[in-house]
Amino acid sequence: MNHSTVVQVENRSIDYVPEHERHARLGSQGPFWFLGNFHFFTISIGFVGPSIGLSAAWTMLAGALGIMFGTIFMAFHGSQGPHMGLPQMIQSRAQFGYRGVILALLATLFVFVGFNVVNVTLIMEGLNSVFGFDPKIVATAAVVTGALLSIYGHDLMHKVFSWTLMATLPLYAIVTVALIFSNSPVPAAPSAEPVLGFKGIAFLTQFAIAAGYNISYAPYVSDYSRYLPKHTCPKKLIANIFLGASLSGAWMIALGAWLAERLHASDALASLNQVGDMLFPGFGKLVVVVSMLGFLPIISLNTYSAMLTVLTGVDSFKRTQPTRRHRIMAIGAISIVLLACTLSIKGNAIALLHTFLLLLLYFLVPWTAVNLVDYFFVRKGRYAIPHFFTPRGIYGAWQMRGIAAYLIGFTAMIPFFYIVDPSGQQEIFVGYFARKLEGVDIAWLVGLVVAGAVYLLLALSLDLHAEEEVIRRIERDGFGERAS
């Protein structure tokens with residue numbers, strides 16, 4: 001990709017980014033991931049606690065702790081980007097194999113597309129309730145905008161994220177201050193609503209949902225840090241990502257919890273409209289419009305990473321050249337599927353959000369454990385990058401160590417699954433141990449420990465000395481240009 005003042009359509013996709021194209025700045029990562037959580041989707045996560053009986057204060061605490069816990073994982077994944085110059089899922093071929101990575105790809109594609117289904121659903125419901133806009137038109141406009149941004153790719157997305165942060169930050173600050181100091185009467189709670197306070201199960205559920213929300217960013221982060229120079233300090237990068245994502249996440253969840261308790265809100269955009277109008281008539285609609293526009297880059301974020309996932313999957317079975325045309329075709333196909341899924345799904349968006357965030361946590365936890373254990377404890381960042389692009393390399397077509405660790409970790413989680421609707425009245429799936437624990441969901445913790453430990457044990461049989469010889473030979477030959 002040619003770096004200039006004119007933003008061009010990105011050339012790179014699943015291929016290696018050579019050093020001379022590494023033009024990104026470390027300072028952009030904090031604001032980029034700050035905006036990643038700084039929107040009304042994250043506000044909606046703050047609605048979950050009060051919907052199951054947790055007070056705003058306890059929801060804020062559980063949400064903040066969960067967000068920080070989840071951000072640890074995404075931040076460490078982010079440090080892999082500049083070191084390797086590759087998208088996250090290409091890196092996973094080291095643990096799962098050139099073709100075996102399809103297991104991780106299916107899990108992450110579910111996350112990317114699923115997130116966007118919830119994203120567009122929230123936009124549809126919010127703009128319909130505030131302005132009466134036709135949901136189908138809104139959905140189509142949102143999906144098309146996200147597709148166009150993701151087609152242009154890395155550089156334009158970073159620029160748009162900066163612009164939208166400058167637009168949304170002052171408005172959300174005003175709304176937060178207005179809500180804290182507002183003397184407007186609070187509407188009476190419906191008689192059917194639970195009495196809010198501290199409930200252990202609700203606290204742990206809110207923690208798990210918040211943690212899952214930021215763990216879900218783990219497959220994304222290297223996609224947006226791989227254009228950083230290779231010599232970028234890992235500790236500074238981890239700190240930038242952690243502070244950016246955790247501060248905005250905790251703020252938005254706290255705002256959502258307060259809106260839910262004080263205004264009995266169940267729609268983020270409608271509640272922002274209500275708070276804005278407390279200041280002066282019409283300001284609420286301005287907040288809604290800017291919030292919606294500021295959220296569109298998040299749709300492009302998911303579409304872009306879904307494109308990388310799809311191309312990685314196709315390339316794993318049929319060698320493809322990572323051209324612009326392939327990028328555009330993949331983005332078009334993903335956008336059509338996204339729009340079809342969004343328009344076909346019926347039901348309350350918060351209920352959909354609650355269930356989806358738990359499911360994505362279950363699918364992603366074994367993968368993130370395997371990937372991080374391999375990168376930081378087994379291979380310690382030493383990889384033969386050209387071998388990611390051939391099934392005949394040292395990583396092979398199928399790496400049964402990673403596949404077995406993922407499947408064993410996921411299987412170990414099943415008896416601990418606790419999936420119910422937000423009201424807790426209808427069970428979707430409750431595992432044996434989750435029932436014994438009276439609904440306390442520790443499946444994600446079991447998955448992290450089991451998958452990570454199994455992979456670490458299986459990795460003892462790896463011949464790392466032979467791998468190191470291959471890596472040194474590649475480095476002597478100049479792997480960067482060949483990999484690109």
Side-chain angles (χ1 to χ4, degrees), residues 41 44-45 47-54 59 62-63 66 69-70 73 102-119 121-122 194 199-216 218-219 266 341-342 344-370 403-452 454:
F41 186 112
S44 300
I45 296 175
F47 294 164
V48 174
S51 76
I52 52 178
L54 203 63
T59 299
F69 181 82
F73 295 89
I102 195 70
L103 177 66
L105 295 176
L106 290 173
T108 53
L109 189 60
F110 166 76
V111 169
F112 299 141
V113 176
F115 249 133
N116 264 356
V117 169
V118 180
N119 290 345
T121 301
L122 288 171
K199 297 182 180 180
I201 294 174
F203 185 90
L204 292 173
T205 299
Q206 179 70 62
F207 176 92
I209 287 174
Y213 180 53
N214 266 15
I215 287 176
S216 71
S266 60
C341 290
T342 303
S344 64
I345 289 177
K346 307 295 181 184
N348 179 269
I350 299 304
L352 181 64
L353 171 71
H354 176 276
T355 303
F356 172 70
L357 287 175
L358 282 178
L359 287 175
L360 69 85
L361 181 62
Y362 296 155
F363 279 104
L364 284 183
V365 153
W367 167 80
T368 194
V370 169
I403 294 170
Y406 181 96
L407 294 176
I408 291 170
F410 188 85
T411 303
M413 294 166 65
I414 294 175
F416 295 89
F417 283 178
Y418 185 75
I419 310 172
V420 298
D421 71 0
S423 67
Q425 300 301 313
Q426 181 179 352
E427 294 184 354
I428 298 173
F429 181 88
V430 177
Y432 175 80
F433 291 114
R435 200 176 298 282
K436 291 291 185 182
L437 293 169
E438 298 182 345
V440 176
D441 190 341
I442 61 168
W444 54 274
L445 183 59
V446 171
L448 278 174
V449 173
V450 173
V454 169

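Note that the numbering runs from 1 along the sequence shown for the chain.
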Report task. Would you check if Pro219 and Val111 make a side-chain contact, meaning some heavy-atom pair closer than 4.5 Å? Result -> no

Query raised in the report: Shortest non-hydrogen contact from Ala434 to Val430?
Result: CB-CG1, 4.1 Å

Report task. Compare every heavy atom of Val370 with every heavy atom of Ala405, then report the nearest pair and how far apart it is. Result -> CB-CG2, 3.8 Å

Query raised in the report: When rounded to the nearest 0.5 angstrom, what is the spacing between CD1 in Ile52 and CD1 in Ile209?
Result: 6.0 Å

Query raised in the report: Are more than 12 heavy atoms from other residues, nucleotides or ligands located less than 6.0 Å from atom OH of Tyr432?
Result: no

Report summary line: On a heavy-atom basis, the closest approach of Leu364 and Ser216 is CD1-CA, 3.3 Å

Requested in this report: Check whether any side-chain N or O of Gln206 sits under 3.5 Å from a backbone N or O of Ile201 as a donor-acceptor pair, and report yes or no.
Outcome: no

Requested in this report: Kindly indicate, with the supporting measurements, whether the criterion side chain to side chain contact (heavy atoms under 4.5 Å, CB included) is fulfilled by Phe115 and Phe110.
Outcome: CA-CA 8 Å; Phe115 249 133; Phe110 166 76; over 6 Å; no

Report summary line: Smallest heavy-atom separation, Pro50 atom then Thr59 atom, equals CD-OG1, 3.4 Å

Requested in this report: Any chance you could measure Lys199, atom NZ, to Leu54, atom CG, to the nearest 0.5 Å?
Outcome: 9.0 Å

Distance-only criterion, 3.5 Å: show the donor-acceptor pairs between side-chain atoms of residues 406-416 and protein atoms not counting sequence neighbours.
residue, atom, partner, partner atom, Å
Tyr406, OH, Phe363, O, 2.8
Thr411, OG1, Leu407, O, 2.7

Query - side-chain hydrogen bond (donor to acceptor under 3.5 Å, both in side chains) pairs, two or more places apart, involving residues 105-117 - result: Asn116-Asn119, Asn116-Asn302, Asn116-Thr303

**Report entry** Close side-chain approach of Phe73 and Leu448, heavy atoms under 4.5 Å
**Finding:** yes

Query raised in the report: In terms of the angle between their ring planes, are Tyr213 and Phe41 parallel, tilted or perpendicular, with boundaries placed at 30° and 60°?
Result: parallel

Query - Minimal non-hydrogen separation, Ala369 against Ala451, with atom names - result: CB-CB, 4.1 Å

Report summary line: Across all chains, not counting sequence neighbours, the side-chain contact (heavy atoms from CB on, under 4.5 Å) partners of Ala218 are His77, Trp367, Thr368

Query raised in the report: Does the pair Trp444 and Phe417 meet the rule for a side chain to side chain contact (heavy atoms under 4.5 Å, CB included), with working shown?
Result: CA-CA 9 Å; Trp444 54 274; Phe417 283 178; over 6 Å; no

